[in-house]
Amino acid sequence: LNGSTKQDDDYGYNLFPDRNTAKSKKAFITQSLFTFNHKCQVMLQFAMETSPYAKLLLSAMKSSGCTVYKDRHFSCEDCDGSVSGGFDANSSQIVLCQNNIHQQAHMNRVVTHELIHAFDHCRAHVDWFNNYRHLACSEIRAANLSGDCSFSSEINRFNFGLKNHRQECVRGRALRSILAVRKISHEEAGKIVDEVFDSCFNDTAPFGRIPHTNKDAKFATRHYESRDRYHANV
């Protein structure tokens, strides 16, 4: 499924106006240490150093030959609407929406979500712009593994008590993410998500299983690192 042409589809870049070079230069000149940008940088650093989800993904990407550097691969920018972040496949850069991320827990989830996209970009030949199934699969994985659909996150949104609730949350968030960046119908996007849902929902790399809590993510990190040591000693 190729969808609309490149001329017709902005691929969601309209949500990230600072991706526009002229605006980016202007923003760079006017920002100071006490702006959203500084707070975003501090929260990003804290997430990279303390979030077990982010730490595992950073370790896994390094092992896969895709080392992530804070200054090169993350960019704190102003974004439109209520979008929190994005992965720019053209530059292999994660965009963090400094005007929409105000709490550390939110930053941790966004960093993890976007690192899952970066991990998929690293390990697989993802055709982000033309193959909607590839995009849908990564969005399903990111919603499932980042904590977006954890029990505590859903309680905070007053969403709970439904049968197969986690699956419905993951499906809904993946669907909304696709519709935000691609000009396709709700029906078409839903069909694509359904086609790849089971296989992508069950693809939990590099965590090994769905991490429901920080404790789970820490356990997954220890397991991942011990696996590397085991292979090194075989």
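In what follows, every heavy atom counts, from backbone to side chain, and hydrogens, waters and symmetry copies are set aside.
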Item to check | His223 ring center within less than 6.0 Å of Phe207 ring center | outcome: no

Checklist outcome for this item: When rounded to the nearest 0.5 Å, the distance separating CG of Leu58 from CD of Glu49 is 11.0 Å

Item to check | Working for side-chain contact (heavy atoms from CB on, under 4.5 Å), residues Ile178 and Glu139 | outcome: CA-CA 8 Å; Ile178 294 167; Glu139 291 295 354; 4.3 Å; yes

Checklist outcome for this item: For Ala217 and Pro211 the tightest heavy-atom approach is N-CB, 4.1 Å

Checklist entry - Quick one: does Asp216's side chain have a donor or acceptor within less than 3.5 Å of a partner on His212's backbone? => result yes

Checklist entry - Got a second to check how far Ile101's CD1 is from Phe36's CZ, nearest 0.5 Å? => result 11.0 Å

Next on the checklist: Do Lys191 and Glu188 have side chains that approach each other closer than 4.5 Å (heavy atoms only, starting at C-beta)?
Outcome noted: no

Next on the checklist: Do His73 and Ser92 pair up side chain to side chain, a donor and an acceptor below 3.5 Å, judged on atom types alone?
Outcome noted: no

Next on the checklist: Measuring centre to centre across the rings, with the benzene-like ring taken for any Trp, is His106 within less than 6.0 Å of His102?
Outcome noted: no

Checklist entry - Going by atom types alone, do Ser185 and Glu187 pair a side-chain donor with an acceptor below 3.5 Å? => result no

Item to check | Side-chain donor-acceptor pair present, Asp148, Ser146, cut-off under 3.5 Å | outcome: yes

Checklist entry - Between the side chains of Trp128 and His121, does any donor sit under 3.5 Å from an acceptor? => result yes

Next on the checklist: When you group the ILVMFWY residues by side-chain heavy-atom contacts below 4.5 Å and let the links chain together, are Leu135 and Phe129 in the same group?
Outcome noted: yes

Checklist entry - Does the side chain of Asn37 come under 3.5 Å of the side chain of Gln98 through a donor N or O and an acceptor N or O? => result yes

Item to check | Stepwise side-chain contact (heavy atoms from CB on, under 4.5 Å) check, Phe119 with Cys66 | outcome: CA-CA 8 Å; Phe119 176 76; Cys66 300; over 6 Å; no

Checklist entry - In terms of hydrophobic clustering (I, L, V, M, F, W, Y; side-chain heavy atoms under 4.5 Å; direct or indirect links), are Met61 and Tyr224 co-clustered? => result yes

Item to check | Nearest-0.5 Å distance that lies between atom CG in Asn214 and atom OG in Ser51 | outcome: 6.5 Å

Next on the checklist: Side chains of Arg171 and Asp194, heavy atoms from C-beta outward: is any pair under 4.5 Å?
Outcome noted: yes

Next on the checklist: If you define the side chain from C-beta out and look only at heavy atoms, does anything of Val111 sit under 4.5 Å from Ile94?
Outcome noted: no

Item to check | Spatial distance of atom CG (Asn108) from atom CE (Met48) [nearest 0.5 Å] | outcome: 12.0 Å

Checklist entry - Any chance the side chains of Ser138 and Asp120 put a donor and an acceptor closer than 3.5 Å? => result yes

Next on the checklist: Looking at every non-hydrogen atom in both residues, tell me the closest pair between Thr50 and Lys55 and how far apart they are.
Outcome noted: C-CD, 4.1 Å

Next on the checklist: Would the distance check show the side chain of Glu114 and the main-chain N or O of Phe87 forming a donor-acceptor pair, the cut-off being under 3.5 Å?
Outcome noted: yes

Item to check | Least distance between heavy atoms, Arg133 atom then Glu195 atom | outcome: NH2-OE1, 2.8 Å

Checklist entry - Is there side-chain contact between Ile210 and Arg166, with at least one heavy-atom pair below 4.5 Å? => result yes

Item to check | Residue pair Leu44, Leu96: steps toward the side-chain contact (heavy atoms from CB on, under 4.5 Å) verdict | outcome: CA-CA 9 Å; Leu44 166 61; Leu96 300 171; 3.8 Å; yes

Next on the checklist: Check this for me, if you would: do Arg123 and Asp203 make a salt bridge, where the nitrogen-to-carboxylate-oxygen distance has to be below 4.0 angstrom?
Outcome noted: yes

Item to check | Donor-acceptor contact present, side-chain Gln93 to main-chain Ser75, <3.5 Å | outcome: no

Checklist outcome for this item: Rounding to 0.5 Å, atoms CG (Asn100) and OG (Ser84) come to a distance of 6.0 Å

Next on the checklist: Please check if the number of heavy atoms outside Lys70 that lie under 6.0 Å from its NZ is greater than 12.
Outcome noted: yes

Checklist entry - With a cut-off of 6.0 Å (strictly less than), are more than 12 heavy atoms of other residues, nucleotides or ligands near CZ of Phe197? => result yes

Checklist entry - Just by distance, with hydrogens left out, do Arg173 and Asn144 show a side-chain donor and acceptor under 3.5 Å apart? => result no

Checklist entry - Is a side-chain donor-acceptor pair under 3.5 Å present for Gln41 with Gln45? => result no

Item to check | Qualifying disulfide bond (SG atoms under 2.5 Å apart) pairs, either residue in residues 180-223, two or more places apart | outcome: Cys137-Cys200

Checklist entry - Looking only at heavy atoms, which two atoms of Leu57 and Leu115 are closest? And how far apart? => result CD1-CB, 3.8 Å

Item to check | Val68 and Phe74: CA distance, side-chain angles, deciding distance, side-chain contact (heavy atoms from CB on, under 4.5 Å) verdict | outcome: CA-CA 9 Å; Val68 176; Phe74 289 94; 3.6 Å; yes

Checklist entry - Can any side-chain N or O of Ser59 pair as donor or acceptor with the backbone N or O of Leu56 at less than 3.5 Å? => result no

Item to check | Heavy-atom closest contact (Thr221 atom, Pro52 atom, distance) | outcome: OG1-O, 3.5 Å

Next on the checklist: Tell me if a side-chain donor or acceptor on Tyr53 pairs with a main-chain N or O of Thr213 at a distance below 3.5 Å.
Outcome noted: yes

Checklist entry - CG/Asp80 to CG/Asn99 distance, rounded to the nearest 0.5 angstrom? => result 8.0 Å

Item to check | Smallest separation among heavy atoms of Leu175 and Gly190, with atom names | outcome: CD1-N, 3.4 Å

Checklist entry - Side-chain heavy atoms under 4.5 angstrom apart, residues restricted to Ile, Leu, Val, Met, Phe, Trp, Tyr: same cluster for Val110 and Phe46? => result no

